[in-house]
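Data block below; observations after.
Along the sequence shown, the residues carry numbers beginning at 1. Computation of the quantities below employed the complete heavy-atom set of this structure, encompassing side-chain atoms and omitting hydrogens, waters and symmetry-equivalent molecules. Small disclaimer: the values here were computed from a predicted structure and weren't measured.
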Amino acid sequence: MKLSPRALGLTAAVVTVLIWSSFIVVARASAAHNLLPLDIAFLRIIGAGCVLLPWGWWLMRSQRQSGEQIGSLMGLSPLPLRITALAGLFGSMLYAMLAYSGFFFAPAAHASVLMPGSLPLWTSLLAIVVLHDHITRARAMGLACIVLGDLLVGGASLLKAFDGGEVWKGDVMFMCAAFCWACYSVLVRRHALEPVRATIAITAFSCVSFVPIYGLAAFAGWVPTHLGTAPAAEMLFQAVYQGVGSVVISGITFNVMIRHFGPVRSTMITALVPGLSALGAVVFLNEPMSLNLLGGLALVTCGILFGVRLPKT
């Protein structure tokens, strides 16, 4: 049975929310094990590449047979080189490097607020500049709540920096990671990228740029790495969960959301992510839930719901 466009968009939203929520908890838990942040990003890209590069090769083969224009990166990407490079830089390389590094400084509860929380803010601002969207009164109220919630969480960490704390570094990285994903979201909308092709393209870019450079640097001892000492089971788990789950599955479902709802509403539909991931951090990671964190979580969630549910004015 073929799903209607609305049913397909809602299904994609549910899958995306569940994977994003669990991603925050799993990524924070991974920081307590053997692998370093860039090790996890390296395995994430390899895991995704094992699925998406053969898929991309098959798409290229179909294009050649139909006489369509071939993509780029020696046939690995189905998209032109410029779009592949921009989308891959923001949606794969920089996002993964910043997000995983942030979990080594700040708790998962902070990521629950700052990553999905600041994503609608960055996306709205970029959509104004790039897509010439306008901000409705309801959405402006929602974004104001999001900014206040982010300040309540991140601002407390910045104040503690004067006492020698390092949590603020993770908070900044989380917000920068959200900015990178917002750039990717707007690119998908602007160029009307097909979900599967976009996900293949960003993975292909990382596979031909980040993977060989980091692999060589790690092998030569130029960068700190635990790839040579981490258990094989841990590396396999990261490659499968982060690569197949977080990149392949949620990457496609998120792009389906963008095509159906648009970039701004898509990022706002993730209203459940902050609450679910923060709850998961408390239950599974025994993280404390402070008053400023609860307040920030409430403000961010309300802000996202404002932008989605209130009618345009």
Side-chain angles (χ1 to χ4, degrees), residues 3 7-31 37 40-41 43-52 55 87 90-100 102-103 108-120 123 174 177-178 180-182 184-185 188 193 195-196 198-200 202-203 206 234 236-261 263 265-285 297 300-301 304 308:
L3 294 176
L8 186 62
L10 290 174
T11 301
V14 171
V15 173
T16 303
V17 166
L18 291 177
I19 293 179
W20 281 22
S21 300
S22 61
F23 161 79
I24 291 175
V25 177
V26 171
R28 174 59 176 175
S30 300
I40 300 175
L43 293 170
R44 167 191 171 104
I45 295 168
I46 289 179
C50 289
V51 175
L52 294 174
W55 199 343
F90 288 109
S92 181
M93 278 182 57
L94 291 179
Y95 172 78
M97 294 168 67
L98 288 166
Y100 292 127
F103 286 109
H110 283 222
S112 302
V113 175
L114 297 175
M115 281 209 293
S118 60
L119 185 56
T123 307
F174 291 148
C180 290
W181 192 259
Y184 171 63
S185 302
V188 168
L193 302 182
V196 173
T199 309
I200 291 172
I202 65 173
T203 302
S206 294
E234 182 181 349
L236 179 62
F237 170 79
Q238 297 293 353
V240 172
Y241 178 82
Q242 305 291 354
V244 179
S246 297
V247 176
V248 179
I249 298 176
S250 74
I252 293 173
T253 57
F254 183 75
N255 283 334
V256 171
M257 285 175 57
I258 293 176
R259 294 190 69 185
H260 184 74
F261 296 109
R265 291 195 71 216
S266 291
T267 53
M268 286 186 166
I269 285 172
T270 57
L272 291 174
V273 172
L276 288 175
S277 53
L279 180 62
V282 173
V283 174
F284 297 107
L285 304 178
L297 181 63
V300 164
T301 303
I304 296 174
V308 174

Could you tell me which non-hydrogen atom of [X] sits nearest to which non-hydrogen atom of [Y], and how far apart they are?
X	Y	answer
Leu285	Ala29	CD2-CB, 3.8 Å
Cys180	Leu98	SG-CD1, 3.9 Å
Ala48	Val247	CB-CG1, 3.6 Å
Ala13	Met257	CA-SD, 3.4 Å
Ala198	Leu193	CB-CB, 4.0 Å

Before giving the answer on side chain to side chain contact (heavy atoms under 4.5 Å, CB included), spell out for Leu43 and Gln242 the whole-Å C-alpha distance, their side-chain angles and the decisive distance to 0.1 Å. CA-CA 8 Å; Leu43 293 170; Gln242 305 291 354; over 6 Å; no

Starting at [atom1] of [X], measure out to [atom2] of [Y] and round the result to the nearest 0.5 Å.
X	Y	atom1	atom2	value
His110	Ser277	NE2	OG	12.0 Å
Phe174	Ser112	CZ	OG	8.5 Å
Leu52	Ile45	CG	CD1	11.5 Å
Thr203	Met93	OG1	CE	12.5 Å
Leu18	Ser250	CG	OG	11.0 Å

With sequence neighbours left out, which residue pairs that include part of residues 245-256 fulfil the salt bridge (charged side-chain N to carboxylate O under 4.0 Å, His left out) condition? none

Output every pair passing salt bridge (charged side-chain N to carboxylate O under 4.0 Å, His left out) with a member in residues 17-31, not counting sequence neighbours, ordered by first then second residue. Arg28-Glu287

Partners of Phe90 by ring pair (Phe, Tyr, Trp, His ring centres under 6.0 Å), sequence neighbours excluded?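 Phe90 satisfies ring pair (Phe, Tyr, Trp, His ring centres under 6.0 Å) with no residue once adjacent residues are dropped.
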
Who passes side-chain hydrogen bond (donor to acceptor under 3.5 Å, both in side chains) against Ser206, sequence neighbours left out?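 In terms of side-chain hydrogen bond (donor to acceptor under 3.5 Å, both in side chains), with neighbours along the sequence ignored, Ser206 is linked to Ser92.
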
In chain order, what residues pass the side-chain hydrogen bond (donor to acceptor under 3.5 Å, both in side chains) check against Ser30, with sequence neighbours excluded? Gln238

Answer with yes or no after comparing the ring centroid distance for Trp181 and Tyr184 against a 6.0 Å cut-off, counting only values under it.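 Yes, they do, as the ring centres are separated by less than 6.0 Å.
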
Is it the case that the side chains of Thr16 and Thr253 hold a donor-acceptor pair, with the cut-off being a distance below 3.5 Å and no angle test?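 The criterion, which ignores hydrogens and geometry beyond distance, is satisfied for Thr16 and Thr253.
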
Can you confirm whether [X] sits close enough to [Y] that some side-chain heavy atom of one is under 4.5 Å from a side-chain heavy atom of the other?
X	Y	value
Ile24	Leu276	no
Arg44	Tyr100	yes
Pro37	Met97	no

Run the numbers on Val14 and Leu10 for side chain to side chain contact (heavy atoms under 4.5 Å, CB included), then give the verdict. CA-CA 6 Å; Val14 171; Leu10 290 174; 5.7 Å; no

For Phe237, all residues meeting side chain to side chain contact (heavy atoms under 4.5 Å, CB included), sequence neighbours excluded: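 Partners of Phe237 by the side chain to side chain contact (heavy atoms under 4.5 Å, CB included) criterion, ordered by chain and then number, come out as Val26, Tyr241.
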
